[in-house]
Amino acid sequence: MSLRDRLKTLIAETGPLSVAQYMTACLYDPQGGYYATRPALGARGDFITAPLVSQMFGELIGVWAVAAWEQMGRPARLRLVEMGPGDGTLMSDLLRAVRRAPEFLKAADIWLVEVSEPLKARQAEQLGAGVRWAGALHEVPDGAPLLLIANELLDCLPARQFVRTATGWAEQVIGLDAEGELAFGLTATPAASLLPDAPPGAVFEQSAAQAALGAELGRRVVADGGAALLIDYGRAEPGFGDTLQALHRHEKVDPLETPGEADLTVHADFPAVLEAARRQEAQTAILTQASFLAAMGIGARAEALLRASPGRSGSLGRQLHRLVGAEEMGELFKAACIHSPGWTPPGFEDCDP
Ligand code: SAH
């Protein structure tokens, strides 16, 4: 039975699903979920990410990782973890960039945290031996400082949505319409009194899974030392808005149209993620992607690549613009850092309180 038909049966039997439950089913269902069956990155897939735009992205994250390790006093053991490594491009570019720091590589145990079997296979092809996989962060052994990278991971973690009606907050849910098809609806919510005030029509998103990851990273860096770098599109300040989006072959589609066949995301809620980390006594900082990449030297890196192959000036210019341009990924995407107290990871010096 298709995921759509199973969801319809489930709703008919047990009632409407929250947006978070619907996202969980569409992305993670073991038979019909997007990540179990078809995650498709790249030009011929459903969506494109920064590492696929340019090799500079992963390389500069490598520069960040080595500089962070040096600032941490060059620990002899280090867990270098990427969560949600996609097709492995970011890690492959990172590893090429850090070849110049053999002691860093010697210290680093490399772990990939991935839930998608098809993507694990792509990562294995791209990265070969020398990396290990875990299905969840807690499976990566603790007891050594952590440097963790996650690009476009928070946006796949499910969120609930609340809508401010004329009479108060209601939860947005997925039920069945008169024809028995999936349809959005609203239901009363016991959470109403906990939600911030807003004018009618406002949408408030809340992701327990994103906040739980912030808390887990906070606990982990406080216990073992280290830093997590989370890059994603999303807000730096608390706010309102419906950010649920389904992408199929680079086109926005109705999120209820093709459950499990489209990539389904919400914006990262950085204020909630970072607050959850601070509650664990971790420190946090946030920058735009443009500022972070500038601090890591993207200008100089682009010039070096251009000197090496002058014929690529057009494509390099386009890549640079795509990554840092204000109307491209530069401002909408943020780079946030959760780190152990007592130091400031590279790039975040001006925004760490
Ligand atoms: N970081 C890559 C891929 C982003 S797509 C890039 O920038 O190109 C999201 C990735 O996160 C995919 O690899 C997906 O399978 C993985 N993922 C989704 N949910 C996850 C979870 N809960 N834990 C670990 N990985 C997850």
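Position 1 is the first residue of the sequence; numbering continues from there. As the structure is a computational prediction, the values presented were derived from the model and not from experiment. Each ligand, and each atom within it, is numbered from 1 in the order the structure gives.
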J.: Can you list the ligand 1 atoms lying under 4.0 Å from a non-hydrogen atom of Thr49?
T.: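 Those of ligand 1 that fall under 4.0 Å from Thr49 are 6 (C), 7 (O), 8 (O).
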J.: Does the side chain of Thr284 come under 3.5 Å of the side chain of Arg278 through a donor N or O and an acceptor N or O?
T.: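 Yes, because at least one side-chain N or O of Thr284 sits under 3.5 Å from a partner of the opposite role on Arg278.
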J.: Quick check: Leu52 and ligand 1, any N/O pair under 3.5 Å apart?
T.: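 No, no N or O pair falls under 3.5 Å.
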J.: Parallel, tilted or perpendicular: which one describes the rings of Phe104 and Trp69, with boundaries at 30° and 60°?
T.: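 The rings of Phe104 and Trp69 stand perpendicular, inter-plane angle above 60°.
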J.: So which heavy atom on Gly62 is nearest to which on Val98, and how close?
T.: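 So the minimum-distance heavy-atom pair works out to O-CG1, 3.6 Å.
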J.: Going by atom types only, do Gln210 and His267 share a side-chain donor-acceptor pair under 3.5 Å?
T.: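 Checked: Gln210/His267 side chains show no N/O donor-acceptor pair below 3.5 Å.
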J.: Hey, does Leu153 sit under 4.0 Å from ligand 1 if you only count heavy atoms?
T.: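 Yes, Leu153 has a heavy atom closer than 4.0 Å to ligand 1.
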J.: With a cutoff of 4.0 Å, is Leu157 in contact with ligand 1, counting heavy atoms of the residue only?
T.: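 Yes, that is the case, since the closest heavy atom of the residue is under 4.0 Å from the ligand.
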J.: Between Trp133 and Gln123, is there a side-chain donor-acceptor contact under 3.5 Å, judged purely by atom types and distance?
T.: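 Result is yes, a qualifying pair exists.
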J.: Do Tyr35 and ligand 1 have an N or O pair less than 3.5 Å apart?
T.: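 Such a contact does not occur with ligand 1.
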J.: Could you list which atoms of ligand 1 come closer than 4.0 Å to a heavy atom of Ser116?
T.: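 Those of ligand 1 that fall under 4.0 Å from Ser116 are 15 (O).
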J.: For ligand 1, note which part of Leu119 has a heavy atom under 4.0 Å away: side chain, backbone, both or neither.
T.: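 Side chain only.
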J.: Where does the angle between the aromatic ring planes of Phe162 and Phe204 fall among parallel (under 30°), tilted (30 to 60°) and perpendicular (over 60°)?
T.: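 Answer is tilted, since the angle falls between 30° and 60°.
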J.: I want to know whether Phe292 and Phe333 have ring centres closer than 6.0 Å.
T.: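 No, too far apart.
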J.: Using a 4.0 Å cut-off to any heavy atom of Val113, which atoms of ligand 1 qualify?
T.: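 Reading through ligand 1 atom by atom, the close ones are 24 (C), 25 (N).
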J.: For ligand 1, which atoms, with element, lie under 4.0 Å from some heavy atom of Cys156?
T.: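 With Cys156 as reference, the close atoms of ligand 1 come out as 9 (C), 18 (C).
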J.: Has ligand 1 got any nitrogen or oxygen that is less than 3.5 angstrom from a nitrogen or oxygen of Gly86?
T.: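 So ligand 1 has an N or O lying under 3.5 Å from an N or O of Gly86.
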J.: Before signing off on this row, confirm whether Glu152 and ligand 1 have an N or O atom pair separated by under 3.5 Å.
T.: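 No; the residue has no nitrogen or oxygen that sits under 3.5 Å from a nitrogen or oxygen of the ligand.
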J.: Under 3.5 Å, is there a donor-acceptor pair linking the side chains of Asp29 and Tyr34?
T.: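 There is no such pair (donor and acceptor under 3.5 Å, judged by atom type) between the side chains of Asp29 and Tyr34.
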J.: Is it the case that ligand 1 has an N or O less than 3.5 angstrom from some N or O of Asn151?
T.: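 For ligand 1, there is an N or O atom that lies under 3.5 Å from one belonging to Asn151.
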